[in-house]
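Beneath this line is the structure, given in structure tokens, with notes to follow.
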Amino acid sequence: MSRQMMIGMHFGNGYGSQAGAWRMPGVDARSYTSFDAQVRHARAAERGKFQFLFVPDFPALFGDLETDAPMITIDPLLTLAAVARETERIGMVATGSTTFNEPYNLARQFKALDIMSHGRVGWNAVPTGDDASAASYGRHVPPRGERYERLHEFVQVVQALWGSWEEGAWIADAASGRFADASKVRPINLRGRHVGSSGPLPLPPSEQGQPVIFQAGGGDKGLEVAGRYASGVIGATYTIADARAQRTALRDAAVRSGRDPDEIKFFPGIITTIADNRRQALDRRIALNGRTYQNQIGYLGQMLGLHLDPGQLDRPLSPEQLAVARPSMRDPRSAHALEIARQGWTLRDVLAHGAIDYHPVIAGPAVEAADHMQEWFEAGAADGFWLSPDVYDDGIDAFVDGVVPILQERGLFHLDYEGSTLRDHLGVPRQYGLDPRLNAMK
Ligand SMILES: Cc1cc2nc3c(=O)[nH]c(=O)nc-3n(C[C@H](O)[C@H](O)[C@H](O)COP(=O)(O)O)c2cc1C
């Protein structure tokens with residue numbers, strides 16, 4: 001069988017990936033605290049055979065609560081614990097900060113969740129560096145170099161803790177009265193400049209041994225982290241060329257750490273609004289996010305090298321404007337924005353196409369999402385996608401019932417789960433404890 005793509009789904013505040021999702025018709029405006037809603041959405045994703053859910057996290061409040069719901073779940077691990085008990089196959093990756101945690105807490109919680117879910121968990125290790133998160137802990141943001149240094153120590157201590165209860169240590173033989181071979185549950189005694197632990201962690205292996213490491217975001221330091229530890233990387237890229245370059249850089253980084261490049265999988269993001277036709281999809285996006293367009297029009301102008309104001313929202317660019325419009329070199333989304341504007345859409349519709357969103361936006365019939373994914377996948381720009389449906393209550397089903405069958409018919413997506421663990425779903429090798437190919441911290 002030829003190579004097939006994987007799908008991970010953004011799993012956030014209970015409403016959807018778009019800010020306005022909480023107030024859409026048919027959505028329960030109180031889903032923010034509803035674990036029933038979270039479970040329903042996870043099951044919808046599992047019905048689509050998605051390989052994993054991915055939960056972003058920032059330990060602080062962002063946005064304007066007067067009008068916007070917080071963008072992240074009330075607590076990543078507790079939400080996934082609820083989901084783990086109500087799903088059977090789908091993987092679940094949670095973000096956990098290495099700046100504002102201690103390795104022992106995080107190692108314990110993630111491995112407990114991995115055991116609870118029968119081996120379906122991943123950890124997105126992030127060196128949180130925003131002021132609001134630091135303030136939540138009464139601290140200042142440490143310098144970037146220090147945050148990454150701590151992250152490296154942190155991941156190694158966590159993985160050593162995960163491996164400190166050796167495979168085969170647990171005997172659980174009531175007849176002989178022997179619970180465990182205590183000689184196989186050993187301290188780790190690791191201490192770095194920033195974190196450390198004596199261990200051991202009193203938790204046996206999960207069905208996949210231990211959680212899988214994920215990484216999100218770029219930069220030279222992020223690349224090094226991914227190359228050393230990550231099996232999955234979530235990316236934000238707007239063009240095939242950029243995504244292909246990032247995927248190649250990640251694979252090269254893995255090789256530099258003595259790993260096989262196929263051990264690391266790259267998931268660029270896509271945002272979907274699936275509807276019968278483009279007009280319906282654009283109207284849905286305007287209902288979701290249209291309130292912000294007045295404020296975005298000036299920035300759209302900068303992307304196109306024009307002076308634009310809100311008075312023009314319901315008109316397309318004039319022939320004179322089109323004649324002088326040039327995509328900005330500073331924003332990689334600009335060329336696409338100009339391409340859409342040249343098709344004659346009003347500026348409101350240009351914004352509804354997702355000209356200023358954080359990932360490519362597919363607003364239209366299911367086949368357009370399938371075509372986008374196929375093109376990126378076959379160009380070597382992705383191993384799979386991080387899918388952000390606009391509104392969970394109907395957007396996941398629209399993708400599962402519309403896009404998934406097309407991808408399956410084209411042989412691009414699996415028909416069912418073959419294995420049971422996240423490692424199985426990602427096709428990454430088993431690992432227990434530290435990766436012996438990396439030099440452990442002294
Ligand atoms: C798609 C994507 C998702 C991310 N999700 C999170 C997140 O949930 N929490 C977080 O603290 N940082 C998140 N980040 C930020 C990165 O972890 C990282 O801090 C950022 O890319 C800046 O890296 P730098 O300090 O090396 O420049 C994400 C980045 C990307 C591209």
Side-chain angles (χ1 to χ4, degrees), residues 6-13 17-19 52-63 70-77 79-80 92-101 106 110 121-137 139-152 154-155 213-230 232-239 242-243 245-247 249-250 253 264-272 331-333 354 357-361 376 381-389:
M6 293 170 275
I7 298 175
M9 190 183 85
H10 170 273
F11 202 61
N13 57 11
S17 70
Q18 302 298 292
F52 61 95
L53 306 168
F54 181 93
V55 184
D57 192 40
F58 291 89
L61 175 62
F62 292 94
M71 285 310 289
I72 45 189
T73 173
I74 58 172
D75 183 88
L77 288 173
T79 299
L80 290 182
M92 42 192 76
V93 182
T95 299
S97 171
T98 59
T99 313
F100 301 116
N101 280 302
L106 203 138
F110 272 82
V121 168
W123 168 36
N124 175 38
V126 290
T128 313
D130 63 275
D131 291 331
S133 296
S136 296
Y137 295 87
R139 300 200 3 219
H140 294 293
V141 176
R144 182 165 179 263
E146 194 181 310
R147 283 188 288 116
Y148 274 95
E149 219 176 80
R150 182 179 165 105
L151 182 147
H152 281 279
F154 199 115
V155 172
I213 306 290
F214 268 65
Q215 194 266 348
D220 52 336
K221 292 183 183 296
L223 197 61
E224 195 187 345
V225 169
R228 283 196 194 176
Y229 315 109
V233 174
I234 305 290
T237 47
Y238 306 103
T239 62
D242 187 14
Q246 281 204 33
R247 180 165 175 263
L250 286 164
I264 193 164
K265 313 289 181 183
F266 181 55
F267 298 89
I270 52 166
I271 297 170
T272 51
D331 191 318
R333 298 169 291 194
D357 278 59
Y358 292 106
H359 302 285
V361 170
W376 281 50
D383 295 291
F385 296 88
W386 183 42
L387 169 70
S388 295

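Just the heavy atoms: all of them, side chains too, but no hydrogens, waters or symmetry mates, feed the values below. Atoms within each ligand, like the ligands themselves, are counted from 1 in listed order.
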Set of residues satisfying ring pair (Phe, Tyr, Trp, His ring centres under 6.0 Å) with respect to F52, sequence neighbours excluded: F214, F267
Donor-acceptor side-chain pairing of T128 and S133 below 3.5 angstrom: no
Which heavy atom of S17 sits nearest to which heavy atom of I271, and what is that distance? OG-CG2, 4.4 Å
Taking a 3.5 Å cut-off between nitrogen or oxygen atoms, can you list every pair linking ligand 1 to the protein, with distances?
residue, atom, partner, partner atom, Å
ligand 1, 8 (O), D57, N, 2.9
ligand 1, 9 (N), D57, O, 2.8
ligand 1, 17 (O), A216, O, 3.0
ligand 1, 25 (O), R144, NE, 3.2
ligand 1, 26 (O), R144, NE, 3.3
ligand 1, 26 (O), R144, NH2, 2.8
ligand 1, 26 (O), Y148, OH, 2.5

Who pairs with F385 by ring pair (Phe, Tyr, Trp, His ring centres under 6.0 Å), at least two apart in sequence or on another chain? none
Got a sec, which residues hit ring pair (Phe, Tyr, Trp, His ring centres under 6.0 Å) with W376, two or more places apart in sequence or on another chain? H372
Ionic contact status for E146 with R150, cut-off 4.0 Å: no
